[in-house]
Amino acid sequence: MSSTDNESLRELRKLDPAAFSDLVREHEGWVRGYFRARIRDWTAADDLAQDVFVTAFRGIRKFRGDSSVATWLRGIALNHLRNFIRKRRETCIGGSEELQVLLDGRGGDAEPVDGGGALEALRECLTRIEGPARELLQQRYVVGRTVRELAADSGRGYSALTMQLHRLRESLAECVKRKLEAEAR
Amino acid sequence: MNSHHESIARVLAGEADPEEVSALLERLRRDPEAAEHFRHLAELDGLLGPALEDDLRRERRLGKVVDAVRLADREGFVQGVERRIRTRQAMRRGLALAATVVVGVFIWKLAAPGEGSDPVLATVERTESLRSAHPVDIGSVLRAGDVLEFDAGLAELRVGEMGTMVIEGPASLRFEAEKRAALTRGRVVMSVTEAGHGYRLETHRGAVIDLGTQFGVSVAEDGEVETHVLEGEVEAEPYGGPKIGLTKGKALRFGDSEAKEADVSAFYTKLPPVHASRVEGIHWAFDEGSGMLSNSVPVGDPLVFHARDASPGPDWTEGVFGDAISLDGRGAYLESTYPGVAGGDPRTVCFWVKVPEDFSILQGFGIVSWGHWRNEGWGQVWQISVNPLEEEGDLGRLRVGLHGGQIIGTSDLRDGSWHHVAVVLYEADQPDIGTHVVVYIDGMFETLSKRSVHKVETRVETATHGVWVGRNVTSEADREPVHGSFFRGELDELSIFRGALSQEEIQSLIDTNRLPE
């Protein structure tokens, strides 16, 4: 843990919501992404992300700073995810709890994609995508339209659109990977 | 492209069937490289939403999360106090008084002067019509970590040597340090002394820092945050954006990049002054029960029944205290020789009203009105109505209009039940509909949903009629306003006072139909 983190932790332990908002600002994006990758219902995913920060705020005094804040938050997120899946198993990615477990590992200890770093890298990679491809991503991931709805509106085949999105994701994943590797060097 | 790619694409599109998912799982279990590939794509799929959203959406979402955290903070505080009080009670008297815990929370927290060792950051100096789950006593003090919270009404605080605050509920304000407070919801106007320069008022969207001024900050129920500079200068610090300097007359909605014109009517800048002597007024009880007029007290200005068009005129009905009048919205109204209160003089108008459930937008104007209406005579009439104009505010709420400016309340009156209404214009150098008028419904301070600025200049000298009951002040002998000329509903116990009544006096009228002795 860095000295900045230690200073932040001291501030956070004063249970000041204003100071806590900086932590929310830094981590909210990837925590939401964590749930969206595992749950098909994105509204529920966003609500769970909010719950993570409420739990973190209530438990900040118990956080000793042995691990990074991101790792601590991920542990809280995993607990919320398990509780949620217990009640709504069908909303797991692919409708399969096993696929979700494959993402997190049996004990929830799979090395996560570096949430914060990956998100920033992804934002940079997205600047290269413009025009109809960008609009397609916007409609799918921000507006929240299904692939079938997008296919119906555009008159394009559902399979073609599914595979276009897949290729866009692969291209972005490759870009993110390169950026993260370059940063690590 | 091989089949597992297509399966991954369909899983991430949410369209894969169970057989395909099973087959994919089998493949991923056998092929660690494919599993790793799937994991990266799924993680990226999750991050795309947060990565693509614009700053505005992001700020709104962050605001929601921080609000939830603040709520948890408040709940945690209450629970913590409950625990401490329970422990004390257990030590001293067992558990017999556990039921008093909630009532005691803020008495304990908002301590009397002299209690506690931390410095006092603010003192409650006055309240007006405060509605709160917890008592907020005059003179109680706030120290670092204390939260002032109430559901409705106004509170005036002295913030040490730093200045004063007028807070409009529903509000929640936490004092954090000598020059720092956090507003979770509500509207605050802070008038800062020289010693208070640099005072920082924080919200979930950003902070406002005083640079020698009077400024307002509002946190609306939907999370929108605005600051308006009434005097001097402030610096706004939106989270995630550049600092913006604002001078007198400027305002900023957090999330916007540019300042706009300040709305001085958006805030109460002071509490209604307390009047020293008894307020004189005129009263119509509507207790005659028959005939074509209702006498006034003092005598001399009866309200006389009139009928226009095909209306049979006002009718008598059962009221809250004795009889009342019924108005048909088709031409029935009453008129008095009493001219009403002139200019910007303080006034209070009180009455009981029953608005039908099947309220029509053509029958909302005006319950009580007076003044000289002219097309260009902005601010020169005074009319109380049930709002019939959706474009200016929610329908069915109390509306007070001047012709050119109006305020609209939040309580829906369209329920066929009697409600007591009191509209108070209190004394001010430049009385304004948005800033100096308060409304009480059933004795409760009414939160306003809409208000616009306009000086009150009621013109009675040249008016061609006195006080009207049930007739739109903009209607004339040869002119039918498009929004209707007559009010439909029932009315009882109308009073017009030449001064601003207090909430206690209004409550006395509700309870006893008379002012306190």
Side-chain angles (χ1 to χ4, degrees), chain A residues 15-18 20-22 24-25 28-30 32-38 40 42 45-46 49-51 53-54 56-58 93-96 98-99 102-103 110 112-113 115 118-119 122-123 126 137-138 140-142 144 146-148 158-159 161-163 165-166 169-170 172-173 176-177, chain B residues 1 5-18 20-22 24-25 28-29 35 37-54 57-58 61-73 76-77 145 174 176 180 182 184 202-204 207 239-240:
Chain A
L15 284 182
D16 175 357
F20 198 81
S21 68
D22 291 340
V24 175
R25 181 170 295 278
E28 196 266 350
W30 73 258
R32 196 145 50 90
Y34 172 87
F35 286 113
R36 282 179 165 227
R38 288 155 178 80
R40 292 190 292 190
W42 287 348
D46 293 352
Q50 180 172 303
D51 293 345
F53 289 101
V54 171
F57 181 75
R58 287 181 168 143
I93 178 174
S96 160
E98 286 179 85
L99 266 185
L102 192 124
L103 283 176
V113 170
L119 182 60
L122 178 58
R123 286 195 177 113
L126 279 166
L137 291 173
Q138 199 75 20
R140 173 75 184 112
Y141 290 100
V142 179
T146 65
V147 180
R148 287 202 183 277
Y158 160 74
S159 297
L161 214 50
T162 302
M163 291 317 293
L165 278 166
H166 184 67
R169 280 190 296 261
E170 290 210 306
L172 287 166
V176 168
K177 190 177 165 197
Chain B
M1 190 165 290
H5 280 266
E6 289 174 9
S7 294
I8 289 173
R10 276 193 287 273
V11 163
L12 296 183
E15 296 281 353
D17 60 38
E20 188 169 26
V21 172
S22 293
L24 178 65
L25 257 172
L28 300 181
R29 282 187 192 121
H37 183 59
F38 167 72
R39 206 157 71 81
H40 275 102
L41 287 178
E43 298 283 7
L44 183 118
D45 190 61
L47 290 173
L48 271 165
L52 280 160
E53 68 188 4
D54 57 28
R57 276 177 192 267
R58 182 156 187 257
R61 191 173 302 285
L62 289 172
K64 265 184 71 181
V65 176
V66 172
D67 282 349
V69 168
R70 287 187 188 281
L71 187 64
D73 181 35
F77 164 71
R174 177 188 171 107
E176 299 184 336
R180 186 156 60 99
T184 311
E202 294 182 335
T203 74
H204 66 281
Y239 294 140

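Lettering follows sequence order; numbering is per chain, from 1. Since the model is a prediction, treat every value here as computed from it, not as a measurement.
- Across every non-hydrogen atom of A:V147 and B:A13, the tightest pair is CG2-CB, 3.6 Å.
- The two atoms that bring B:L47 and A:L119 nearest to each other are O-CD1, 3.8 Å, heavy atoms only.
- No side-chain heavy atom of A:F57 sits less than 4.5 Å from a side-chain heavy atom of B:V65.
- Put simply, the side chain of B:P50 does not reach to within 4.5 Å of the side chain of A:E28, judged on heavy atoms.
- Taking B:S22 as the reference, nothing meets the side-chain contact (heavy atoms from CB on, under 4.5 Å) condition, with sequence neighbours excluded.
- Taken from CE in A:M163 to CZ in B:R10, the straight-line distance is 8.0 Å, to the nearest 0.5 Å.
- For B:A42, the parts lying under 4.5 angstrom from a heavy atom of chain A are both the backbone and the side chain.
- Here the closest non-hydrogen pair linking A:L122 and B:A51 is CD2-CB, 3.7 Å.
- Only the side chain of A:D46 comes within contact range of chain B, with at least one heavy atom under 4.5 Å from a heavy atom of that chain.
- Under the 3.5 Å distance criterion, with hydrogens and angles disregarded, no donor-acceptor pair is assigned to the side chains of B:Y239 and A:D22.
- Side-chain contact, A:E170 with B:H37: a donor N or O sits under 3.5 Å from an acceptor N or O.
- When heavy atoms are compared at a cutoff of 4.5 Å, A:Y158 approaches chain B solely by way of its side chain, counted from C-beta outward.
- Neither the backbone nor the side chain of B:E20 comes within contact range of chain A; no heavy atoms are under 4.5 Å apart.
- Distance CZ/B:R61 to CZ/A:R32: 4.0 Å, rounded to 0.5 Å.
- Looking at A:L99, both its backbone and its side chain come within 4.5 Å of chain B, counting heavy atoms on both sides.
- For a residue to count as touching a neighbouring chain, one of its non-hydrogen atoms must lie under 4.5 Å from one of that chain's; by this rule B:V21 touches chain A with the side chain only.
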(message) Run B:L41 and A:H166 through side chain to side chain contact (heavy atoms under 4.5 Å, CB included) and show every step you take.
(response) CA-CA 9 Å; B:L41 287 178; A:H166 184 67; 3.5 Å; yes
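- To the nearest 0.5 angstrom, A:R169 atom CZ is 8.0 Å from B:L48 atom CG.
- The closest side-chain heavy-atom distance from A:Y141 to B:D45 is below 4.5 Å.
- Residues satisfying the side-chain contact (heavy atoms from CB on, under 4.5 Å) test with B:R57, not counting sequence neighbours, are A:V142, B:E53, B:D54.
- The contact between B:L12 and chain A is made by backbone and side chain atoms together, counting heavy-atom distances below 4.5 Å.
- Using a 4.5 Å cut-off on side-chain heavy atoms (C-beta onward), B:L62 and A:S21 make no contact.
- For the atom pair CG of B:L52 and CZ of A:R140, the computed distance is 12.0 Å after rounding to the nearest 0.5 Å.
- Ion pairing between A:R38 and B:E43 holds under the 4.0 Å rule for side-chain N and carboxylate O.
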